[in-house]
Amino acid sequence: MLIVAEKYRMAHVLAKVLKFEKFSWPFFYNEAGDVIAYSQGHLFQPKHLKDDLYTWSDPKPFESLPTELFMLPTVDYTIRVRKRSLSTGYLREHVPMLMQEHDVIVNACDPDKEGERIFYDLFNSAQTSAVVLRLDLSKGITQSLIHAAYDNLFDARKTKAKHYSAQARLCGDLGYALLTSVMTFYGRKGCLHPLLAGYTDKQKSVVSVGRVLIPVLQLIDDQCCLVENVKLKQVHCPYVEGRTESGAKVTFYYDWQRLGLPASALSDPRLAQKYIQQKSLNDEFVIESVINEMHVVSAPDMYDTASMQADMKELSPTETLDVLQSLYEKGLITYPRTDETALPDDDMTSDKLSALFASMDNNLNSVSDRTSKSSRGFLEKHESLIENALPDNSNNQSNDISAAHTALSPTSAQANLSNLTDTEIAVYSKICERFTSALEGEKSVCITTVTGKFTNDKNGMLGEQDAPFSFEKSTYTSNLEKSKSKYIALNEGDIILLDKINVRAEALDIPQYYAENEIPLVMLKVGDQVSDPVVAKLLHETKGLGSASTRDKIVASLLKRDYVEISIIDERRCIIITGKGKAILSTLPNQFKSPVTTAIWEHEFYKIETCNDLELAKQMRDGFIRKIYTQLETYIKFLNKRYGRNVQGVSSGNDTLPSKELIFKVKQLARLKQLELPIQVLNSNSLAEKWLLTNASVMHSSMKEQLEQSGLSTCNNALRDERRIDIRKQAIQGKSSNPPTQAQMLKAIKLSKQSGVRMPEKAKKTASECHVFIDECKKKLTPSDEQINTLKRLAAKHRYPVSKLIYKSRKQTLNLINKLRTK
DNA sequence: GCAAGGTC
C-alpha cells in the first residue's frame with residue numbers, strides 16, 4: 001500500500017501515528033513494506049504549448065483560444081526535508097514510480113478540490129490501474145482522528161469528481177490570463193485609458209482581468225464611492241452630566257434621533273451652544289421614564305477562515321492564515337482553510353464535546369502565565385454548556401457538511417502550549433472562546449433606557465416641545481426582575497443634580513473604507529451586496545469569491561498593479577481605489593466586474609462534483625471550459641475590431657462626451673499654460689483625459705515634498721493619478737499614521753548624519769513625524785535669519801560679493817562670517 | 001518578459 005500526502009509535514013505526522021517507523025530517504029516505510037510518500041503542493045500546471053502563437057505583441061491569434069491544454073511540470077525548486085535538500089522534480093518523478101509499484105494507493109492529500117488535483121495529477125502521470133482509496137482528514141489531524149480516518153478509508157472515486165471541477169476552474173482561469181495579454185497590449189498602446197497607457201514597469205503596466213481580482217476591485221470601488229459621498233460625518237448635541245440622589249454619576253444625551261430631527265440640521269455646533277446657553281446647572285432635571293426591555297442576542301457562528309482574518313485586527317490576512325496553518329500542523333485546530341461555520345452533527349456528542357473542553361482547559365491553563373485571567377473566563381462556562389449545545393434534531397436541515405470541512409475549531413489534542421508564540425496563543429484562545437460562545441446558544445439581554453428632561457424646557461433645540469435626554473445600558477441576564485433591581489436605582493420623578501451642561505460632537509454611523517483584514521470576509525459574503533435574491537442565495541451557497549486559501553492574495557495583486565492603495569486611517573489599514581483602478585473598471589464590460597460570473601462557475605462546479613458518473617463529470621468539465629473560452633473569444637474579437645486597425649492610441653467607436661468637470665479642467669489648464677485646445681478634445685472623453693495627462697504640469701518639487709509626509713509613494717506614476725494625489729492629501733489632513741516610505745527614511749538618515757541630530761523613535765514610525773524631523777534637520781543645515789543678516793551686514797561692510805547659494809548652507813554661511821570678521 | 005487562481 002502507498003499513502004500519498006500533500007506535503008512532507010503531513011506525511012511525517014501520518015508516519016508517526018500509523019507507525020511507519022522506517023525512514024528511507026525521502027519516504028516513510030513500515031514493517032509490511034507499505035510506504036508513505038508526499039507531494040509538494042502542485043507539481044503540474046496547465047499550458048497551451050503555443051508560446052509562439054499567443055504572444056504579448058499580437059492580439060489577433062487570441063481570437064481562437066487553445067483547444068488543447070496539457071498538464072506540464074511546474075518549475076522545479078528545492079525544499080528542506082530533514083536537513084537535506086529535496087527537489088520537487090524528484091517527487092514528480094518518484095511518487096508516480098511508487099504508484100506503479102503498488103496495487104493499493106491511498107490519497108491522503110488535503111480534503112479539498114486542490115488536494116484532489118495534487119493527487120490525480122501525480123496519479124495520471126503514473127498511468128496505473130491501481131485501486132485508489134481516500135483518507136479524509138478534514139476533521140483535524142490528532143492521533144485519534146487519523147486512526148478513525150484510516151479505519152474508514154473509502155473508495156476514492158467518491159471524491160474524484162472534485163479533480164475534474166478543479167481542472168475546469170484551472171483552465172477557465174487560464175483563459176482570463178490569456179485575455180489579460182490582449183488587454184495589456186491595447187492598454188499599453190493607449191487605446192483603453194490614459195492611466196493604463198505606456199509601460200515603464202512590466203508588472204505595474206499589466207492590465208489584469210481576473211475572474212476574482214476585478215469583481216473585488218469593483219466591490220472596493222463601490223465602498224469608496226459610498227464613503228466619499230458622505231458629506232456629514234458628525235452632529236453637535238447637548239449633553240448633561242449629573243448625580244442621582246444616591247450619588248451615582250450619570251450622563252444624558254440629547255435624544256435627537258427619537259425626536260426625528262434631521263442630522264443635517266444639527267451639523268452646526270452653534271445650535272446646540274445656543275440651547276445650552278439658556279440652561280443653568282440650577283435648572284430642574286427630572287427622570288421621565290425608566291424602561292427595561294428584554295432582547296435576544298443570537299449566538300455567534302464558529303469561525304471560518306475569513307471571519308478569523310477579519311477579527312485579527314493586528315495581523316494581516318496572510319499573517320493570520322500562517323498562524324492558523326502552524327496551529328493545524330501542531331494538531332491543535334481543524335483544517336485552517338474553511339468557509340464552514342459549524343461542526344457536523346456527528347461531532348456534537350457529549351463525549352466528544354467533553355473531550356474538547358477538557359483539552360481546551362488543559363491547553364490554555366498550560367500557558368496561564370501568558371494569557372490574562374479574563375481572556376480565559378469563558379472556560380468556566382464549559383460545565384453547564386454541553387447539554388445546551390447538543391443538536392436539536394427537530395430542526396434538521398440535512399446540511400451534508402460531513403464531507404466538507406468543518407468550522408475552525410479546537411481539536412481534542414492535549415498539549416503544553418508554552419512553545420507557541422504569543423500570536424499563536426492569542427489565535428488559539430480566540431478560536432476556543434468563539435467555539436464556546438457558539439455552543440452557548442442565544443443570550444438574553446436587558447436594555448434599560450433612562451429618559452430625563454429639564455422641567456422648564458418648552459422649546460428644545462429646534463422648537464420641539466418635548467426635549468428628552470436619554471442613555472442606554474445593556475445587561476446580559478435571563479431574569480428581567482433581577483436585572484431591574486440590579487441596575488442603578490433610578491425611578492420616574494427622581495431629580496438629577498447637574499454638574500455639567502455641554503455640547504459634544506457625536507460621530508454619525510457612516511460607511512468606512514474596507515480595512516485590509518476585512519477583504520476576505522467581504523469576498524466570502526459578497527452575496528450580501530447583490531440585490532437579486534436568486535443570485536445572492538447562489539453566492540452564499542458557493543461561498544462568495546475566491547477560496548479560503550487565496551483571498552488574502554487578492555489585495556496583494558491589486559496593490560502590485562497599483563489598482564488600490566493602503567492608507568492608515570484611524571489605525572485601520574484602509575483599502576482605497578486609485579484612478580488607475582477606476583480606469584480598468586471603466587473599460588471592462590459588466591460580465592468581468594460582477595461576482596455573478598463566479599457564482600455561475602461555482603454552480604457548474606457543484607454539478608461536476610456531485611456527478612456520480614465520472615465519465616459524465618469529465619464531459620461536463622470539457623463543456624464548461626469550451627463555453628468560457630467562447631465567451632472570452634467573443635470579447636477578444638470585439639477588442640480587435642474596435643482597436644485593432646488603429647493601435648496608435650486614437651480610439652474610435654462609441655466614445656462618450658467628456659463630463660462638465662473634465663471640460664472645465666481641460667479649459668482651465670489650457671488657459672493657465674496658454675495652450676491651443678484642439679476641438680476634438682472637447683468632444684471625446686478619452687481624448688480629453690489624455691490631453692489633460694500629457695499637458696499636466698510637472699509637479700513642483702516642493703509640492704512633492706509636501707506629499708511625502710503622507711507616507712505614500714511619491715513616484716511620478718503615483719502623482720500622475722489625481723486620485724492618488726487626493727489620497728495623499730487626505731492622509732496628511734487626517735493625520736494618518738502611515739509609516740515613512742523607504743525613500744523618506746533614507747533621506748532622514750542622511751540628513752540626521754549631516755546635521756548631527758539623532759532621529760527620535762517616533763520619526764521612524766510615522767511619515768508625518770519623519771517629515772517633522774526632516775524639517776528640523778534642514779533648519780539646522782540652513783542659516784538662521786540672524787546669521788543671514790550678520791553675513792549681509794559684514795558683506796556690505798567689506799563690499800564682498802556673496803553668492804545666493806551660500807545662504808542655503810549654514811556651514812558655508814558661518815565660515816564666511818568668520819572669514820569676513822577676521823578681515 | 002510580463003498573464004489567472006490556487007498552493008507551499
Engineer: Angle between ring planes, A:F23 versus A:Y8, binned at 30° and 60°: parallel, tilted or perpendicular?
Structural biologist: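 It falls in the perpendicular class, over 60°.
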Engineer: Scan A:E116, A:K113, A:E609 and name whichever one has a side chain to side chain donor-acceptor pair (under 3.5 Å) with A:T159.
Structural biologist: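 It is A:E116; the other options fail the test.
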Engineer: Please enumerate all residues that pass salt bridge (charged side-chain N to carboxylate O under 4.0 Å, His left out) together with A:E516, with sequence neighbours excluded.
Structural biologist: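 Counting only residues at least two positions away or on another chain, A:E516 forms a salt bridge (charged side-chain N to carboxylate O under 4.0 Å, His left out) with A:R573.
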Engineer: Could you state the CZ-P distance from A:F44 to B:dG6, rounded to the nearest angstrom?
Structural biologist: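 Answer to the nearest Å: 21 Å.
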Engineer: Can you figure out which of B:dC8, B:dG6, B:dA3 approaches the side chain of A:S208 most closely?
Structural biologist: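 My answer, after comparing the listed nucleotides, is B:dA3.
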Engineer: Can you tell me the distance, in whole Å, between the CD1 atom of A:I554 and the P atom of B:dG5?
Structural biologist: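 Whole-Å distance recorded here is 5 Å.
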Engineer: Measure from the side chain of A:R188, starting at C-beta and using heavy atoms only, and say which of B:dG5, B:dA3, B:dG1 lies closest.
Structural biologist: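 The listed nucleotide nearest to A:R188's side chain is B:dG1.
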Engineer: Determine the contact category for A:E114: base if any of its heavy atoms lies under 4.0 Å from a base atom, sugar-phosphate if only primed atoms, P, OP1 or OP2 are that close, otherwise nothing.
Structural biologist: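 Sugar-phosphate, no base atom in range.
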Engineer: Identify, between A:S181 and A:G41, the residue whose nearest nucleotide on DNA chain B lies closer to the 5' end.
Structural biologist: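 With A:S181 and A:G41 compared, the 5'-side residue is A:S181.
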Engineer: Side chain of A:E6, heavy atoms from C-beta onward: which of B:dG5, B:dC2, B:dC8 has the nearest atom to it?
Structural biologist: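 Out of B:dG5, B:dC2, B:dC8, the nucleotide with an atom closest to A:E6's side chain is B:dC8.
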Engineer: Side chain of A:R211, heavy atoms from C-beta onward: which of B:dG5, B:dA3, B:dC2 has the nearest atom to it?
Structural biologist: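 Looking only at heavy atoms from C-beta outward on A:R211, the closest nucleotide is B:dG5.
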Engineer: Is a donor-acceptor pair below 3.5 Å formed from side chain A:R9 to base B:dC8, judging by atom type as modelled?
Structural biologist: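 Per atom types, no contact qualifies.
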Engineer: Specify the separation, in whole Å, of atom OH of A:Y563 and atom C1' of B:dA4.
Structural biologist: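 After rounding, the gap between these two atoms is 12 Å.
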Engineer: Given atom CZ of A:R117 and atom P of B:dC8, what is their separation to the nearest angstrom?
Structural biologist: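 After rounding, the gap between these two atoms is 11 Å.
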Engineer: For A:I79, report the nucleic acid contact type (base, sugar-phosphate, nothing); a contact means any heavy atom under 4.0 Å.
Structural biologist: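 No contact at all - A:I79 keeps every heavy atom at 4.0 Å or more from the nucleic acid.
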Engineer: Out of B:dA3, B:dA4, B:dC8, which has the shortest distance to the side chain of A:H48?
Structural biologist: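 When the side chain of A:H48 is considered, B:dA3 is the closest of B:dA3, B:dA4, B:dC8.
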Engineer: Just how far, in rounded Å, is P of B:dC8 from OH of A:Y77?
Structural biologist: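 Distance check: A:Y77 OH to B:dC8 P gives 9 Å.
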Engineer: For A:F62 and A:T550, find the nucleotide of DNA chain B closest to each by heavy atoms; which residue's nucleotide sits nearer the 5' end?
Structural biologist: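 Nearer the 5' end of the strand: A:F62.
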Engineer: Answer yes or no: is there an ion pair linking A:E565 with A:R723, defined by an N-O contact shorter than 4.0 Å?
Structural biologist: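 Between A:R723 and A:E565 there is no salt bridge, as every charged N stays at least 4.0 Å from the carboxylate O atoms.
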Engineer: What's the closest nucleotide to the side chain of A:V206 if the choices are B:dC8, B:dC2, B:dG5?
Structural biologist: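 Of B:dC8, B:dC2, B:dG5, B:dC2 is nearest to the side chain of A:V206.
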Engineer: Is A:K580 salt-bridged to A:D721, going by a charged N under 4.0 Å from an acidic O?
Structural biologist: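 Salt bridge: no.
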Engineer: Think A:R561 has a side-chain N or O under 4.0 angstrom from the OP1 or OP2 of B:dA4?
Structural biologist: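 A:R561 to B:dA4 OP1/OP2: side-chain N or O found under 4.0 Å.
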Engineer: Of the candidate nucleotides B:dC2, B:dA3, B:dC8, which contains the atom at the shortest distance from the side chain of A:A177?
Structural biologist: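 My answer, after comparing the listed nucleotides, is B:dA3.
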Engineer: Which is true for A:Y54 with a 4.0 Å heavy-atom rule: it touches a base, it touches only sugar-phosphate, or it touches nothing?
Structural biologist: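 No contact.
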Engineer: Whole-Å distance between B:dG1 C1' and A:D51 CG?
Structural biologist: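 After rounding, the reported distance stands at 11 Å.
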Engineer: What's A:Q325 touching, base or sugar-phosphate or nothing? Going by heavy atoms closer than 4.0 Å.
Structural biologist: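 Nothing, no nucleic acid heavy atom in range.
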Engineer: Starting from C1' on B:dC8, measure out to CG on A:L91 and report it in whole angstrom.
Structural biologist: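 About 12 Å, once rounded to whole Å.
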Engineer: Taking A:V216 as the fixed residue, which of A:I214, A:L213, A:I220 is the one that meets the side-chain contact (heavy atoms from CB on, under 4.5 Å) rule?
Structural biologist: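 The single option meeting the side-chain contact (heavy atoms from CB on, under 4.5 Å) with A:V216 is A:I220.
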Engineer: Could you state the atom-to-atom distance from CD1 of A:I628 to C1' of B:dA4 in whole Å?
Structural biologist: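 After rounding, the reported distance stands at 13 Å.
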